[in-house]
Visitor: 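Sharing a structure here in structure tokens format.
Owing to the predicted nature of the structure, the values given are computational and were not obtained by experimental measurement. The sequence lines fix the lettering, A, B, ..., with proteins before strands; numbering per chain opens at 1. Values below: every heavy atom of this structure, side chains too, minus hydrogens, waters and symmetry copies.
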Amino acid sequence: MRDPAEASDLLDWYDRHARDLPWRIRPQARAAGVTADPYRIWLSEIMLQQTTVAAVREYFRVFTERWPTVEDLAAAEDADVMAAWAGLGYYARARNLLKCARSVVADHGGQFPADHAELLKLPGVGPYTAAAVSAIAFDDAQVVVDGNVERVMARLHDEHTPLPEAKPILTAYAAALTPAQRPGDYAQAVMDLGATICTPKRPACGLCPWRTSCAAWAEGTAAELPKKTPKKKKPIRRGTAYLARRVDGAWLLETRPDKGLLGGMLGWPGTDWLDVTLDAPVEDPPIRAEWKTVRGEARHTFTHFHLILTVKTALVPMERNASRGEFIELSNFSPSDLPTVMRKAFDLAQGG
DNA sequence: GATTCGTGGCT
DNA sequence: TAGCCAAGAAT
């Protein structure tokens, strides 16, 4: 009979192996009474949604340097925040980030609510993030369930029910293990374990503090858990982007509508992006000009489709008006303000 | 419950 | 290379 897993065994491991992360209060510091800043915990958790620590680090540094408090962020211009988020993906997060910051200032006196139910009401804050902020910022013993926790629980219990069907079962396992003491450290400990030891492929079971409690280890099934329902194949879409450069160097860009793909982000005017099995999208240049097609295509893969983008360029005179978008002065534009697919189109047009 | 929503790294 | 994967939320 294997041992039951205990939170204290994982906390002991965490005390020795906790990764040093910019938003993290190390366990020794927490024990000495240092408390987390809810703003930084919240910001990091939003950035970390479906995003790796490596990708988040620099964005977190830039955001906290430029907007050190929730009041600073709430007072920021929308376009500045969207530009700063460019490249990180899932842009609804950035739109909700601003909504949330402004709600915290306007409705909560500039303080993040410590109450889990109140956190859950904030824009962009779902079950995971509300629990994580409760636990990490306020040491409230909420049940934190992310992809790491799901994987660790599936293995501890050798649970073969596929996700997402298994979610309620795995959540119940997680709830049974969540301790009343040090819930913030515990939540981070499970996620660290999942990120460094109990990894999706080739888990390092020999280093795991819960090995003797793990049913999948006993059965030799750890690497194949959790089971997941198979994903659908991505269709291929195609479209055209129009890069108009005015003779003074200004670029013709548009802010995309808030809803939908790349919502709220800066982008090149273009055609719709349609499945390649349909007719080619109708040409729709945003300004009258002599358009030239750039050799090659910009290729990009989104969550649910591949895109092949034709890029056309034109040089236009000062006085000519565009039907869509606005010219942005060269001094007010950086390619890094663009979402990656738009930056790829820019790079292709530049000959890169 | 199923879809929509990015991106970069790794195998 | 083509698919898988990452501290999910909104609809």
Visitor: On the nucleotide B:dG6, are OP1 or OP2 found under 4.0 Å from the side-chain N or O atoms that A:H300 carries?
Guide: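 Answer is no, no contact under 4.0 Å.
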Visitor: Which part of the nucleic acid, if any, lies within reach of A:P164 when heavy atoms closer than 4.0 Å are counted: base, sugar-phosphate only, or nothing?
Guide: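 No contact at all - A:P164 keeps every heavy atom at 4.0 Å or more from the nucleic acid.
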Visitor: Given B:dG6, is OP1 or OP2 found less than 4.0 Å from the side-chain N or O atoms of A:K234?
Guide: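 A:K234 to B:dG6 OP1/OP2: no side-chain N or O under 4.0 Å.
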Visitor: Mind listing the side-chain donor-acceptor pairs of residues 305-318 of chain A below 3.5 Å, one per line with the distance, residues two or more places apart or on another chain?
Guide:
residue, atom, partner, partner atom, Å
A:H306, ND1, A:T301, OG1, 2.8
A:K312, NZ, A:E283, OE1, 3.4

Visitor: Which part of the nucleic acid, if any, lies within reach of A:R202 when heavy atoms closer than 4.0 Å are counted: base, sugar-phosphate only, or nothing?
Guide: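 Since no nucleic acid heavy atom lies under 4.0 Å of A:R202, the category is nothing.
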Visitor: According to the ring pair (Phe, Tyr, Trp, His ring centres under 6.0 Å) rule, which pairs have a member within residues 258-295 of chain A, sequence neighbours left out?
Guide: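 Qualifying pairs, neighbours excluded: A:Y242-A:W291, A:W251-A:W268, A:W273-A:F302.
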Visitor: Reckon A:T51 touches a base, only the sugar-phosphate, or nothing at all at heavy-atom distances under 4.0 Å?
Guide: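 Here A:T51 touches the bases of the nucleic acid.
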Visitor: Is the shortest side-chain N/O distance from A:T340 to OP1 or OP2 of B:dG8 below 4.0 Å?
Guide: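 Checking A:T340 against B:dG8: at least one side-chain N or O falls below 4.0 Å of OP1 or OP2.
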Visitor: So A:R343, base contact, sugar-phosphate only, or nothing? Heavy-atom distance under 4.0 Å.
Guide: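 Answer is sugar-phosphate: A:R343 comes under 4.0 Å of backbone atoms only.
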Visitor: C:dC4 and B:dT3: how far apart are their P atoms, nearest whole angstrom?
Guide: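 One P to the other, the span is 16 Å.
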Visitor: Ignoring hydrogens and angles, does a donor from either the side chain of A:T303 or the base of B:dG6 sit under 3.5 Å from an acceptor on the other?
Guide: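 Indeed there is one.
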Visitor: So does A:K232 get a side-chain nitrogen or oxygen closer than 4.0 Å to the phosphate oxygens (OP1/OP2) of B:dT3?
Guide: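 Looking at the OP1 and OP2 atoms of B:dT3, one of them is under 4.0 Å from a side-chain N or O of A:K232.
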Visitor: With the threshold set at under 4.0 Å for non-hydrogen atoms, list the residues of residues 169-195 of chain A touching DNA chain B in residue-number order.
Guide: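 Hits under 4.0 Å, by residue number: none.
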Visitor: Is there a donor and acceptor pair closer than 3.5 Å between the side chain of A:R19 and the base of C:dA7?
Guide: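 Present.
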Visitor: Under 4.0 Å, counting only non-hydrogen atoms across every strand here, what does A:L307 touch: a base, just sugar-phosphate, or nothing?
Guide: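 Touches nothing.
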Visitor: Return yes if the base of B:dG6 and the side-chain atoms of A:T301 contain a donor-acceptor N/O pair under 3.5 Å, otherwise no.
Guide: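 Per atom types, no contact qualifies.
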Visitor: Is A:D78 paired with A:R102 through a side-chain N to carboxylate O contact shorter than 4.0 Å?
Guide: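 Answer for the salt bridge query: yes.
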Visitor: Checking ring pair (Phe, Tyr, Trp, His ring centres under 6.0 Å) against A:W85, which of A:F63, A:Y59, A:Y90 comes through?
Guide: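 Only one option passes, and that is A:F63.
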Visitor: Just call it for A:K228: base, sugar-phosphate, or nothing, with non-hydrogen atoms closer than 4.0 Å on any strand.
Guide: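 Answer is sugar-phosphate: A:K228 comes under 4.0 Å of backbone atoms only.
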